[in-house]
Novice: 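The structure under discussion is supplied below as structure tokens; questions concerning it will follow.
The chain is numbered in sequence order, starting from 1.
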Amino acid sequence: MRKDWVESTLGEISDVGAGSPAPQGQKYFEKGSIPFIRVKDMGKLGNSKVISDAEDHLNEKGTVKLKLIPKGSLLFTKSGASTLLNQRALINRDMYVVSHIGFATPSEAITSNYLYYIMKLVDFAIFAHATTLPSLPLSKAKGITIPLAPLPEQRAIVAKIEELFSDLDSGIADLKKAQDQLKIYRQAVLKKAFEGELTKEWREQQTDLPTADELLEQIKIGRQEFFDKQIEEWEFELKKWKEEGESGKKPKKPRPITVPDPPNKGHEERKWSIPENWIWTQIGDLCFVTKLAGFEYTDYVNYVEDGDLPVLKAENAGPNGFKKTDYSKVKSESVQMLTRSQIFGGELLVVFVGAGTGNVAMVPLNQRYFLGPNIGMARPYFELNSKYLELFLQSALGKSLLMSAVKAVAQPSLSMGTIRQAPIAFPTLKEQHQIVQEIESRLSVCDNIEQNITESLEKAKALRQSILKKAFEGKLLTEEELKACKAAPDYEPASVLLERIKEEKVKN
């Protein structure tokens, strides 16, 4: 900290308090025009510094017993989830706020913007009570340390911060624009791939591709062979069970392969023209689709730190494929009876409920997993390219088919039946491999650029905090800028400024 600065507290340099309880009753909000700031309004700020309106508005009747917070005050959420607890905003007019929001009205000897940027450096969660809903006591807020600079320096620091932030925001906007352009390019590549355009020349050079009818027969044979193998394994287990004196649970005979419902009207409307030796089939014709039943999860699944099987959940299927996470784990022996939920690699994960509904990801090969709750799984009946299916269902065309039957409720959801029902534009295995190769050759560079953009955006976030840190350590202004501050008519050391603030507070 600079020599002419002084250490103070939020309580010393501002009037700290909290808003008022929300009026109970619609009569206080009917035809209201006066903004009433709630925590949810603070959560919508993003990078905005000033809050000037709210979702809810009071009428004159609703303001009678409420505390009016003066223009220029700093608002901060003092209770809520940690993400909400770190929301700050300045108000550009006198306002009413809910009691879950605190305020700090700065003395005339400190600028609102200077206080705002200092408070952006403070993690309120550190000072909050560790309860189910973290809460920041006002006594703790008042004790937050504030490095107080002379008034001309405050103005110069704010101007420098906002100049640097403006440049940073411009760079971030360019990065996000590039990110959006990459998404458009990605979807354009996928569209051409699943219309057969990327492999058109390749197909023309082939002489041994099966016809559409032959491809349908291959699918039929593949499904039957899968079922025959299940019957064979069941018969072996049944014989073994009988030889061992019928001890333990009797092996259950496999059910016949589920036939998916025919595509619905929405599916048919969304289909497009495909090459003549491709076919329209369905996920349920190609894959065994299942999920972990609720009773299976309750009765058998127990997460343990020393488990050998990572558990896959909805979070592992992102919009662009498989995402590694800090997996919950189970022991193989504790879930060995849940054979449907054993995963060996190459299966597709399908999110069927919640915000990520419709996300699809191929499980990495050569790694065992266990299928957790709230995620569906599609295991191919026969040899096909799972990556082809993943990319197809990630394309805007394919996802539209999958989501055609989504339930229109508050929380979107798919059933296992509607997942099976989704149509797939399906070429030969040979062409599937070729299509994946064509896509990946185009998107590999795209993915690297996207990774660099993501890293740059993270660095920009860190740089913003670095600028603030440097500013309030007194290291942001140049010597020339500091000299200009000291020449200002209202310059005085921060110690003198603080004494004046204290005197004012005593008078008030």
Side-chain angles (χ1 to χ4, degrees), residues 223 225-258 283-284 286-318 321-354 356 359-384 386-387 389-390 414-416 419-420:
R223 285 164 57 86
E225 286 177 349
F226 176 87
F227 181 66
D228 292 344
K229 187 179 178 185
Q230 282 193 314
I231 292 293
E232 188 180 315
E233 289 173 353
W234 167 72
E235 287 173 343
F236 174 80
E237 291 297 327
L238 185 65
K239 182 182 177 184
K240 185 180 173 185
W241 175 74
K242 287 179 179 178
E243 287 172 352
E244 293 175 352
E246 300 186 359
S247 65
K249 199 171 182 180
K250 183 180 179 180
K252 197 172 181 181
K253 186 176 182 178
R255 292 180 183 178
I257 289 178
T258 304
I283 292 178
L286 304 173
C287 302
F288 169 64
V289 178
T290 191
K291 66 175 182 176
L292 182 70
F295 78 90
E296 291 175 327
Y297 177 73
T298 305
D299 295 350
Y300 297 103
V301 179
N302 182 33
Y303 298 147
V304 289
E305 286 187 15
D306 59 344
D308 59 317
L309 273 185
V311 177
L312 297 179
K313 302 177 185 176
E315 64 197 39
N316 298 112
F322 191 83
K323 290 167 63 180
K324 292 183 177 180
T325 56
D326 293 329
Y327 304 104
S328 300
K329 292 184 178 179
V330 294
K331 290 188 175 179
S332 312
E333 58 268 24
S334 68
V335 293
Q336 62 183 352
M337 71 295 297
L338 304 177
T339 53
R340 292 180 302 112
S341 297
Q342 306 293 324
I343 293 183
F344 305 95
E347 296 90 346
L348 289 184
L349 299 177
V350 184
V351 180
F352 64 80
V353 67
N359 284 353
V360 175
M362 188 187 93
V363 179
L365 299 168
N366 305 317
Q367 167 70 56
R368 284 193 64 202
Y369 295 93
F370 182 75
L371 186 67
N374 299 331
I375 186 84
M377 181 269 289
R379 176 181 292 125
Y381 286 126
F382 49 86
E383 187 184 359
L384 53 75
S386 297
K387 192 69 182 175
L389 287 186
E390 179 194 45
L414 292 163
S415 67
M416 296 304 102
I419 292 171
R420 293 186 191 101

Novice: Which heavy atom of Val351 sits nearest a heavy atom of Ala317, and at what distance?
Specialist: CG2-CB, 3.7 Å
Novice: How long is the gap from CZ on Phe370 to OH on Tyr300, to the nearest 0.5 Å?
Specialist: 11.0 Å
Novice: So which atom in Ala378 and which in Cys287 form the shortest heavy-atom distance, rounded to 0.1 Å?
Specialist: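 Smallest interatomic distance, heavy atoms only, reads CB-CB, 3.8 Å.
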Novice: Find out whether Val304 and Val330 are in side-chain contact, i.e. whether some heavy atom of one side chain is under 4.5 Å from a heavy atom of the other.
Specialist: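 They are not in contact (no side-chain heavy atoms under 4.5 Å apart), so the answer is no.
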Novice: Under the rule for side-chain hydrogen bond (donor to acceptor under 3.5 Å, both in side chains), what residues qualify as partners of Lys387, not counting sequence neighbours?
Specialist: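 Lys387 satisfies side-chain hydrogen bond (donor to acceptor under 3.5 Å, both in side chains) with Glu390 once adjacent residues are dropped.
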Novice: Passes side-chain contact (heavy atoms from CB on, under 4.5 Å), Tyr327 versus Leu312? Steps please.
Specialist: CA-CA 7 Å; Tyr327 304 104; Leu312 297 179; 3.9 Å; yes
Novice: Start with the C-alpha distance between Leu371 and Leu349, add both sets of side-chain angles, then the distance that settles side-chain contact (heavy atoms from CB on, under 4.5 Å), and finish with yes or no.
Specialist: CA-CA 9 Å; Leu371 186 67; Leu349 299 177; 4.1 Å; yes
Novice: When the ring planes of Tyr381 and Phe226 are compared, do they come out parallel, tilted or perpendicular, using 30° and 60° as the limits?
Specialist: perpendicular
Novice: Look up atom OG in Ser415 and atom CZ in Phe352, then write down how far apart they are to the nearest 0.5 Å.
Specialist: 9.5 Å
Novice: Calculate, to the nearest 0.5 Å, the distance between atoms CG and CD belonging to Asn374 and Glu315 respectively.
Specialist: 10.5 Å
Novice: Go through the structure and list residues passing side-chain hydrogen bond (donor to acceptor under 3.5 Å, both in side chains) with Arg368, not counting sequence neighbours.
Specialist: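 Counting only residues at least two positions away or on another chain, Arg368 forms a side-chain hydrogen bond (donor to acceptor under 3.5 Å, both in side chains) with Gln342.
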Novice: How many angstroms lie between CG in Leu238 and CD in Glu246, if you round to the nearest 0.5 Å?
Specialist: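 Interatomic distance, Leu238 CG to Glu246 CD, rounded to 0.5 Å: 8.5 Å.
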Novice: Looking at Gln367, I want to see if its CD is surrounded by more than 12 non-hydrogen atoms of other residues, nucleotides or ligands under 6.0 Å.
Specialist: yes
Novice: If you take all heavy atoms of Glu333 and Gln336, which pair is closest and at what distance?
Specialist: O-CG, 3.4 Å
Novice: When rounded to the nearest 0.5 angstrom, what is the spacing between CG in Leu338 and CG in Asp299?
Specialist: 9.0 Å
Novice: May I ask you to test the Pro364-Tyr369 pair for a side-chain heavy-atom distance under 4.5 Å?
Specialist: yes
Novice: Quick check: does any side chain N or O of Ser328 sit under 3.5 Å from a backbone N or O of Val311, one acting as donor and the other as acceptor?
Specialist: no
Novice: Heavy atoms, side chains only, cut-off 4.5 Å: are Phe382 and Leu286 in contact?
Specialist: yes
Novice: Got a donor-acceptor contact below 3.5 angstrom from the Arg340 side chain to the Lys291 backbone?
Specialist: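 Here the side-chain-to-backbone pair exists.
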Novice: If we only count heavy atoms from C-beta on, is the Ile283 to Arg420 side-chain gap below 4.5 Å?
Specialist: no
Novice: With a cut-off of 6.0 Å (strictly less than), are more than 12 heavy atoms of other residues, nucleotides or ligands near NZ of Lys313?
Specialist: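 Yes.
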Novice: Shortest non-hydrogen contact from Ala314 to Ile375?
Specialist: CA-CD1, 3.8 Å
Novice: Would you indicate whether the side-chain heavy atoms of Lys331 and Asp308 approach each other to under 4.5 Å?
Specialist: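 Touching, per the 4.5 Å side-chain cut-off.
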Novice: Can you name the closest pair of heavy atoms from Pro380 and Ser386 and give their distance?
Specialist: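 Between these two residues, the closest heavy atoms are CG-OG, 3.8 Å.
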Novice: So does Tyr303 have more than 12 non-hydrogen atoms from other groups sitting under 6.0 Å from OH?
Specialist: yes
Novice: With side chains defined as the heavy atoms from C-beta onward, is the minimum distance between Met362 and Leu389 less than 4.5 Å?
Specialist: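 Sidechains of Leu389 and Met362: no contact.
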Novice: Determine whether Glu243 and Lys239 make a side-chain contact, defined as any pair of heavy atoms from C-beta on separated by less than 4.5 Å.
Specialist: yes
Novice: Ile231 versus Pro254: any side-chain heavy-atom pair under 4.5 Å?
Specialist: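 The answer is yes; the side chains approach within 4.5 Å.
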Novice: Compare every heavy atom of Val363 with every heavy atom of Phe322, then report the nearest pair and how far apart it is.
Specialist: CD1-CA, 4.3 Å
Novice: For the NZ atom of Lys253 and the CD atom of Gln230, what is their distance to the nearest 0.5 Å?
Specialist: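 Separation between the atoms: 12.0 Å.
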